[in-house]
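Here is the structure we will look at.
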Amino acid sequence: MGQSRSPESSQQPIPFAYLLLAAVAVHLPLLLMKLPLKSYDTNFHIFFASHYLHHWFDPWNAKWYAGFSQMTYPPLPQQWTALLSPLFGLDLAYMAVQFVAILLLVVGVYRFSLLWVSPRAASIAALAAVFLGSESFLVYSAGQLGTTFAAPLYLNALPFLYVWIRRGSWPSFFKATALFTAAAAAHHATLLFGSILFAVPVLVLAFVDRQDGERPSLQAFSARTITITLIVGGAIAVVLLPFWIALIHYPVTQTPIPHPSRANFILSPQWGLNYFVVPYGALILALPFIFVRGAMNARLRPLLFGFWLAFLLGLGGTTPVGHFLLGRAFNVLTMERFTYWATLLALPFVGLLTEELVDRFHSRAAISLAILAAITCALAVAWSTYRPADAEDFKVDSVAAWLNRDGHDQYRYVTLGFGNKLSRLAIMTDAGTVDGEWNSGRMLPELTRYGGGALTSAKYFGTAGLDSLRAMLADADQYGLKWIFVKDRYYDPLLSFAGWRPVDSLEDNTIIVWSKDGVAPATPVNAPQIPPRWQGLMWGILPVGSSILAILVLLIPEKKRVRVPVEHPVSAGESFVPGRLAS
């Protein structure tokens with residue numbers, strides 16, 4: 001049994017420097033090991049960054065899909081990767097950007113949690129964010145840089161939104177606006193769904209909170225909410241204007257591509273393990289506390305609403321909620337991002353639960369919870385090894401060298417069995433392909449008609465994937481498609497039947513080069529879709545400029561913060577007097 005502590009010492013938050021040091025100790029070594037390179041989407045983000053490095057003001061990328069626009073994806077983290085790459089190289093620059101996002105998450109979770117719980121519980125929530133299973137899952141297994149970069153910006157904006165709505169503080173207004181805009185420039189879906197899952201609970205809290213006796217009138221609440229909504233909406237509309245233009249002119253109407261995150265986790269337990277158990281980890285044990293405490297404490301109910309909605313959407317097809325609320329978008333989005341947001345919304349509850357357990361059981365609780373946190377993080381990190389994006393680790397240098405010599409890059413190519421090495425190969429050669437990994441950017445009918453994903457993994461999409469591959473092989477002459485690099489011999493009969501023949505081998509005959517006679521050199525195919533130069537200039541200036549502006553705006557001083565002493569943590573039926581930002 002640990003020694004009893006005074007009420008004053010028991011309420012002291014974890015020093016912020018310790019929180020950041022924990023993030024450095026856990027994640028910096030993993031990032032320096034380049035562990036995210038094993039994930040599904042990391043190479044895709046690095047490929048986009050590579051294009052920005054060489055063609056900053058020209059978002060038209062001729063290397064995939066016979067040409068496509070990168071303005072179909074918000075560019076902020078990829079542009080920062082490109083900016084840092086001359087110092088570190090593309091791979092380490094990606095790790096640096098991801099590391100900054102992890103540090104910002106610690107800050108954001110702490111500041112967001114202060115809206116709901118005591119400073120001590122908020123600091124515990126921030127420490128829990130370091131070991132959060134969903135964060136490690138997205139960083140090391142899914143590789144979703146846009147989501148993990150935008151969420152911390154959004155969390156850091158929400159406390160300023162609260163202060164603006166609560167007290168009409170103009171410095172908080174400008175800071176919230178700048179951070180929301182930068183978050184949208186990193187990932188539009190985070191802002192779109194975050195407005196419901198995160199912002200609505202904060203708005204409700206700002207209106208009903210009676211802790212400091214400064215509850216805004218309905219008129220002031222409405223005016224401030226409408227003002228910031230219009231200004232933020234206008235700023236996002238301008239910063240991402242080329243994105244909206246591309247979306248309007250070329251909406252995503254392709255046949256939906258199946259994704260296991262939309263599965264019924266009860267009927268498909270292997271996907272339940274991947275998309276529920278691994279991201280939540282030990283947080284599953286806290287679910288009863290979250291529901292009971294959130295329901296019993298009126299002040300926490302808005303937060304419970306956001307968590308509950310994100311939790312249900314993250315279950316994919318396990319419940320009908322996703323289909324009902326999202327409609328057709330359910331077949332376009334991947335659901336693991338909702339699980340990620342749900343775990344972020346759960347962290348204030350985790351901080352509160354941990355605070356109460358440690359106060360009651362002292363060192364026994366602290367040690368047990370630390371072990372559970374470590375297991376949660378370790379499982380999610382190790383998952384990239386147990387369930388890697390590609391079962392085989394191989395290099396594509398010889399393929400790139402083959403394409404870069406003897407005029408081979410005058411023709412387009414396809415890879416079969418390369419997995420996400422498709423992006424790595426595209427970085428290393430100027431040759432173009434009709435394939436790619438960014439499904440929303442493709443316009444070729446052979447790819448959009450069937451409901452298959454990347455051609456390089458066609459067999460994993462069943463009939464839809466193979467039909468798409470056959471259609472592309474039949475139209476090879478139209479696209480200047482002359483080379484096919486085959487690492488998976490499963491495709492050999494299909495190629496032979498379609499009139500292709502092997503002409504070379506690489507990597508000790510593990511990669512076979514197939515060719516088709518009579519194919520003319522590749523010519524531009526999607527020229528009408530090339531965006532005008534003014535859009536390229538906007539794309540190269542405004543998104544990254546919004547992040548620089550956010551940094552400068554955060555330097556605007558606010559009035560001295562006021563802290564109200566906290567005498568005890570929140571318990572059922574009690575209210576917490578928060579010591580948070582006050583202007």
Side-chain angles (χ1 to χ4, degrees), residues 39-45 47-48 61 64-66 68-70 72-74 138 141-147 187-189 192-193 246-247 250-265 267-268 270-271 274-275 313-318 322-323 325-339 387 389-390 414-423 426 433-473 475 488 490-491 494 526:
S39 72
Y40 282 88
D41 288 342
T42 292
N43 284 316
F44 148 72
H45 289 291
F47 168 68
F48 270 41
N61 192 327
W64 279 1
Y65 306 130
F68 78 107
S69 174
Q70 289 193 181
T72 54
Y73 195 99
L138 290 190
S141 186
Q144 291 192 12
L145 179 64
T147 302
H187 195 241
H188 57 292
L192 176 63
F193 293 102
L247 187 62
Y250 305 102
V252 180
T253 58
Q254 60 184 302
T255 301
I257 301 171
H259 194 274
S261 68
R262 306 186 201 113
N264 185 318
F265 296 159
L267 300 179
S268 303
Q270 72 275 21
W271 298 122
N274 190 80
Y275 290 108
L313 292 172
L315 292 176
T318 311
H323 286 282
L325 294 180
L326 299 177
R328 186 185 183 277
F330 179 82
N331 294 317
V332 177
L333 298 168
T334 56
M335 298 297 111
E336 71 271 20
R337 70 193 68 209
F338 291 99
T339 296
R387 292 293 298 269
D390 290 306
V414 163
T415 63
L416 295 174
F418 277 48
N420 68 359
K421 298 298 189 299
L422 171 65
S423 296
T433 178
V434 292
D435 201 5
E437 288 196 284
W438 172 231
N439 294 330
S440 295
R442 58 188 194 170
M443 295 293 172
L444 303 180
E446 294 85 355
L447 302 177
T448 61
R449 185 183 303 152
Y450 297 97
L455 295 177
T456 193
S457 303
K459 74 176 186 179
Y460 297 107
F461 295 94
T463 301
L466 295 175
D467 285 348
S468 181
L469 177 59
R470 290 189 188 96
M472 184 58 71
L473 296 178
D475 293 337
D488 186 345
Y490 169 89
Y491 299 97
L494 187 152
N526 297 323

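Heavy-atom basis, side chains included; hydrogens, waters and symmetry copies ignored.
A donor-acceptor pair under 3.5 Å links the side-chain atoms of T433 to the main chain of D435, judged by distance alone. Within the 3.5 Å criterion, the main-chain N or O of F265 finds a donor-acceptor partner in the side chain of T318. When atom types are taken as modelled, the side chain of T255 and the backbone of R449 share a donor-acceptor pair closer than 3.5 angstrom. Remark: side-chain polar atoms of S423 are not paired, donor with acceptor, to backbone N or O of F47 under 3.5 angstrom. With hydrogens and angles disregarded, a donor-acceptor distance shorter than 3.5 Å links the side chain of N420 to the backbone of S39. No donor-acceptor distance shorter than 3.5 angstrom exists from the side chain of N331 to the backbone of P256, with no hydrogens or angles considered. With hydrogens and angles ignored, the 3.5 Å screen pairs no side-chain donor or acceptor of N526 with any backbone N or O of L444.
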Begin from the C-alpha positions of N264 and L315 and carry the test side chain to side chain contact (heavy atoms under 4.5 Å, CB included) through to its verdict.
CA-CA 8 Å; N264 185 318; L315 292 176; over 6 Å; no
Could you go step by step and tell me if H187 and R337 meet the side chain to side chain contact (heavy atoms under 4.5 Å, CB included) rule?
CA-CA 11 Å; H187 195 241; R337 70 193 68 209; 3.1 Å; yes
Steps toward side chain to side chain contact (heavy atoms under 4.5 Å, CB included) verdict (T334, Q144):
CA-CA 11 Å; T334 56; Q144 291 192 12; 4.0 Å; yes
Between L326 and F338, is the side chain to side chain contact (heavy atoms under 4.5 Å, CB included) condition met? List the steps.
CA-CA 12 Å; L326 299 177; F338 291 99; 4.3 Å; yes
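For A426 against W64, the heavy-atom pair with the smallest separation is CB-NE1, 3.5 Å. Heavy-atom minimum distance, L455 versus L416: O-CD2, 3.4 Å. For Y450 against A471, the heavy-atom pair with the smallest separation is OH-CB, 3.6 Å. Shortest non-hydrogen contact noted between P258 and G451 is CD-O, 3.4 Å. Residues G436 and A454 come closest through the heavy atom pair O-CB, 3.5 Å.
Inter-residue side-chain proximity for Y491 and L469 is flagged as met; some heavy-atom pair is nearer than 4.5 Å. Taking the side chain as every heavy atom from C-beta outward, R442 and T448 approach each other to under 4.5 Å. Proximity of T42 to L145: side-chain heavy atoms (C-beta onward) are nowhere separated by under 4.5 Å. Taking the side chain as every heavy atom from C-beta outward, R470 and D467 approach each other to under 4.5 Å. Side-chain atoms of W271 and R262, non-hydrogen and from C-beta on, never get closer than 4.5 Å to each other.
Applying the side chain to side chain donor-acceptor pair (under 3.5 Å) test to S468 and every residue at least two apart in sequence or in another chain returns nothing. The side chain to side chain donor-acceptor pair (under 3.5 Å) search around H188 returns none, not counting sequence neighbours.
Results of the side-chain hydrogen bond (donor to acceptor under 3.5 Å, both in side chains) test with W438 over T72, D41, N61 single out T72 as the only residue that passes.
Atom CG of residue N274 and atom OG of residue S268 lie 11.5 Å apart, to the nearest 0.5 angstrom. The distance from atom CG of L325 to atom NE2 of H323, rounded to the nearest 0.5 Å, is 11.5 Å. The line from CG of D488 to CZ of F418 is 10.5 Å long, rounded to the nearest 0.5 Å.
Between Y65 and F68, the ring planes lie perpendicular to each other; the angle is over 60°, past the 30° to 60° tilted range. A tilted orientation is assigned to the rings of H259 and Y275, their planes being inclined by 30° to 60°.
Y73 and F44 have their aromatic ring centers within a separation under 6.0 angstrom.
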